[in-house]
Engineer: 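This is the structure I want to talk about, given as structure tokens.
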Amino acid sequence: MKSTRLRKILSSLFVAFCAASVIVALVPLGFILFFVISQGVRSLNVDFFMHMPKPVGEPGGGMGNAIVGTLILTGLAATMAVPIGVISGIYMSEYAGTKFASIARFAADTLNGVPSIVIGVFAYGVAVLPFKQFSALAGGFALGIMMIPIIARTTEELLLLVPGAMREGALALGASRSRAVFSVVLPAALPGIVTGAVLALARIAGETAPLLFTSFNNRFFTTSLKQPIASLTVQVFTYAISPYEDWHRQAWAGALVLVSLVLICSLLARAATSRLERMQAR
Amino acid sequence: LKTRDLGFRLGTGAFALVLILIVGAIGSELLRQSYLSIQKFGFAFWRTEVWDPVAGQYGALPFIWGTLYSSVLALLIATPIALGIAVFISDLCPGWLRQPLVFLTELLAAIPSIVYGLWGVFVMVPRIRALEVAMPDALRQIPLFSGPPLGVGMLSAAVILAVMVIPFTSSISREVLKSVPPAQREGAYALGATRFEAIRATLFYARTGIIGAVMLGFGRALGETMAVTMVIGNNPKISASLFAPQYTMAAVIANEFTEAADPLYLSALIEIGLVLFAITLVVNSLSRLLIWSMTRSAAVVAEPIEPVSEAA
């Protein structure tokens, strides 16, 4: 039997280790945010948002086309993923006990774990190769595939949170199941679902790997869905691995825009969910 | 009324089917596209060390090695830290600190991979290079630290992967710890256990779920692309050295896919994607199963008051 003193020391060491590991994880976070903000702010200006990339060697220029590209790509992804995700989420929560729902849930989790680069290869096979053309549509498709499982699972979880009495009340009044879901249960969970969709969008907007060989990149401004299109992430990647000082500067600015996007979305989502929780507690 | 409900069920079910079909389509499409390479090389593809597209030689062993080595190293670094965080947030920290800490660790997961990569290239790699330069010559004789101090290489990749994996492992572990019945902890304290001993008993009770959480982190590390591509050095050479630039499966696809003009080259890259898909599928399914069995059995056990037989 170890002495009590030894056991107490061991215990304190363990508590210290746990506290230290929190600090160890937060140091890189602080480090990353510090560099992205300090380096990014220095090179962020109006030109960055309004101008096109300049040719190599000419300083200046911006990522206006890439910002528009990212908006188009995430818009396409949402158009595809929100209906599929929400409706399959409805199925998974309404028929939660069925075998088919479990399989669908498993498929969603599996899809969520598929590496993004693999999704890119898949999208290349079905949306680029047949048309022999990199396109915004193919990029949006790849991002949409990544977004579906996130939306489906969020919808499912939030629908399950809606009090059963609400659904039962609607059914008792003679509403059909679809009526009960679409007019009573879904509206009750809607704020949460919207929050989930915004978070999913933020995550998708930061993806690079699925876009490398689907939407590819474009030096020029375009809104055509059938053409290759620039995106913030691919542009940051291209600039970061280039040997030019001025491009590095712009890559940091791009990273700052991406991180701000993620930060704003997470904060909004947090505010919204805490409001939801308070409403439910009432 | 019955038929309308059936219509609703089938209608929404069709969308759920889409989810299942997508997973199937990914597998079959990758298999179809990599047919050329599978037919030509067979299993030799995974035993060959030479990757030389110019000479038409395709061997994927260096990528398998790089992927596994970097992911295992990342896990070795990340697991103790992630568990420490999970325990701290669930058991040790004061209530007011809990929500902010959860938010901050989740933020770590939300930062885009490309931003990690950018930071890695311009901030972390130079520091790791300095560390490598400062390494005494005596230690350099060990194969683990051999090779020129480039900065980019296995060590940089493992460190950045570890940072990226920590939030995943720690948040799942926290869920798992939450599902441990309070009686476990209380019982240990009642027997006069110190904090460490009580938490150790909890961790032991939750071991299945914890292993699941660690495996889920492993799955993430295996497929991580951009940040690793930017710091690992991209050199298809098998080496045990932490300083050597190496290559991963995801990185080779990201770097060479658009350059692969030759159909066989493209097919070989897609085969690498296929195997990456298969590996992550197995790892993720297993980990989900472990986590699920843990949280489910915990929910069952939590209800009735039973004599605790396996308290450590």
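Every value quoted in this text rests on a predicted model; they were computed, and no experiment measured them. In what follows, chains are A, B, ... by sequence order, proteins preceding strands, each numbered from 1.
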Engineer: Would you call the rings of F182(A) and F8(B) parallel, tilted or perpendicular if under 30° counts as parallel and over 60° as perpendicular?
Structural biologist: perpendicular
Engineer: Evaluate the side-chain contact (heavy atoms from CB on, under 4.5 Å) criterion for residues V36(A) and W119(B): first the C-alpha distance (whole Å), next the side-chain angles of each, then the deciding distance (0.1 Å), finally the verdict.
Structural biologist: CA-CA 8 Å; V36(A) 167; W119(B) 179 78; 5.6 Å; no
Engineer: Under 4.5 Å heavy-atom distance to chain A, tell me which part of T280(B) shows up: side chain, backbone, both or neither.
Structural biologist: side chain
Engineer: If you check every heavy atom in residues 159-173 of chain B against those of chain A, which residues fall under 4.5 Å?
Structural biologist: V163(B), I166(B)
Engineer: Between L256(A) and chain B, with a heavy-atom cut-off of 4.5 Å, which part of the residue counts as in contact: side chain, backbone, both or neither?
Structural biologist: neither
Engineer: Between L261(A) and chain B, with a heavy-atom cut-off of 4.5 Å, which part of the residue counts as in contact: side chain, backbone, both or neither?
Structural biologist: neither
Engineer: As a quick check of understanding, evaluate side-chain contact (heavy atoms from CB on, under 4.5 Å) for Q33(B) and L129(A), giving each step before the final call.
Structural biologist: CA-CA 10 Å; Q33(B) 301 276 0; L129(A) 215 50; 3.5 Å; yes
Engineer: Check each atom of L266(B) against the heavy atoms of chain A and say whether the ones under 4.5 Å are side chain, backbone, both or neither.
Structural biologist: side chain
Engineer: Sort R9(B) into side chain, backbone, both or neither according to what part of it lies under 4.5 angstrom from a heavy atom of chain A.
Structural biologist: both
Engineer: Can you say whether L26(A) sits under 4.5 Å from chain B via the side chain, the backbone, both, or neither, judging by heavy atoms?
Structural biologist: side chain
Engineer: Surrounding CZ of R249(A) (heavy atoms of other residues, nucleotides or ligands, distance under 6.0 Å), is the total greater than 12?
Structural biologist: yes
Engineer: Where does V262(A) contact chain B at under 4.5 Å (heavy atoms): side chain, backbone, both or neither?
Structural biologist: side chain
Engineer: What pair of heavy atoms forms the shortest contact from A16(B) to F100(A), and how long is it?
Structural biologist: CB-CE2, 4.1 Å
Engineer: Does S266(A) have any side-chain hydrogen bond (donor to acceptor under 3.5 Å, both in side chains) partners at least two apart in sequence or in another chain, and if so, which?
Structural biologist: none
Engineer: Of the backbone (N, CA, C, O) and the side chain (C-beta and beyond), which part of L21(B) lies under 4.5 Å from a heavy atom of chain A, both, or neither?
Structural biologist: neither
Engineer: Any idea which of V115(B), T258(B), N284(B), L118(B) has the most non-hydrogen atom pairs under 4.5 angstrom with chain A?
Structural biologist: L118(B)
Engineer: For the pair E94(A) and T12(B), evaluate side-chain contact (heavy atoms from CB on, under 4.5 Å) and give the outcome as yes or no after the intermediate values.
Structural biologist: CA-CA 10 Å; E94(A) 281 297 306; T12(B) 51; over 6 Å; no
Engineer: Begin with the C-alpha distance, continue with both residues' side-chain angles, and end with the deciding distance and a verdict on side-chain contact (heavy atoms from CB on, under 4.5 Å) for L107(B) and L263(A).
Structural biologist: CA-CA 8 Å; L107(B) 200 58; L263(A) 257 174; 3.8 Å; yes
Engineer: Which heavy atom of M230(B) sits nearest a heavy atom of A240(A), and at what distance?
Structural biologist: CE-CB, 3.6 Å
Engineer: Check each atom of I199(B) against the heavy atoms of chain A and say whether the ones under 4.5 Å are side chain, backbone, both or neither.
Structural biologist: side chain
Engineer: Side chain from CB out, backbone as N, CA, C, O: work out which of these in A202(A) comes under 4.5 Å of a heavy atom of chain B, or both, or neither.
Structural biologist: neither
Engineer: Check whether R288(B) gets within reach of chain A through its side chain, its backbone, both or neither, counting any heavy atom under 4.5 Å.
Structural biologist: side chain
Engineer: Of the options L30(B), I270(B), L281(B), which is the one that meets V118(A) in a side chain to side chain contact (heavy atoms under 4.5 Å, CB included)?
Structural biologist: L30(B)
Engineer: Which one of T208(A), V86(A), L212(A), I32(A) has the most heavy-atom pairs closer than 4.5 Å to chain B?
Structural biologist: I32(A)
Engineer: Is it the side chain or the backbone of T98(A) that comes within 4.5 Å of chain B heavy atoms, both, or neither?
Structural biologist: side chain
Engineer: Should we say atom OH of Y189(B) is surrounded by more than 12 heavy atoms from elsewhere, each under 6.0 Å from it?
Structural biologist: yes
Engineer: What's the separation between atom CD1 in I117(A) and atom CE in M249(B), rounded to the nearest 0.5 Å?
Structural biologist: 11.5 Å
Engineer: For chain A, which candidate among G117(B), G84(B), G223(B) shows the most heavy-atom pairs at distances under 4.5 Å?
Structural biologist: G84(B)
Engineer: Taking side chain as everything from C-beta outward and backbone as N, CA, C, O, which of these in A198(B) sits under 4.5 Å from a heavy atom of chain A? Side chain, backbone, both or neither.
Structural biologist: neither
Engineer: Classify the angle between the aromatic ring planes of Y124(A) and F257(B) as parallel (below 30°), tilted (30 to 60°) or perpendicular (above 60°).
Structural biologist: perpendicular
Engineer: Heavy-atom pairs under 4.5 Å with chain B: which of V24(A), I90(A), I103(A) has the most?
Structural biologist: I103(A)
Engineer: Counting only heavy atoms closer than 4.5 Å, note whether I145(A) contacts chain B via side chain, backbone, both or neither.
Structural biologist: side chain
Engineer: Parallel, tilted or perpendicular: which describes the rings of F14(A) and F196(B), with under 30° parallel and over 60° perpendicular?
Structural biologist: tilted
Engineer: Is F237(A) in contact with chain B via its backbone, its side chain, both, or neither, using a 4.5 Å heavy-atom distance?
Structural biologist: both
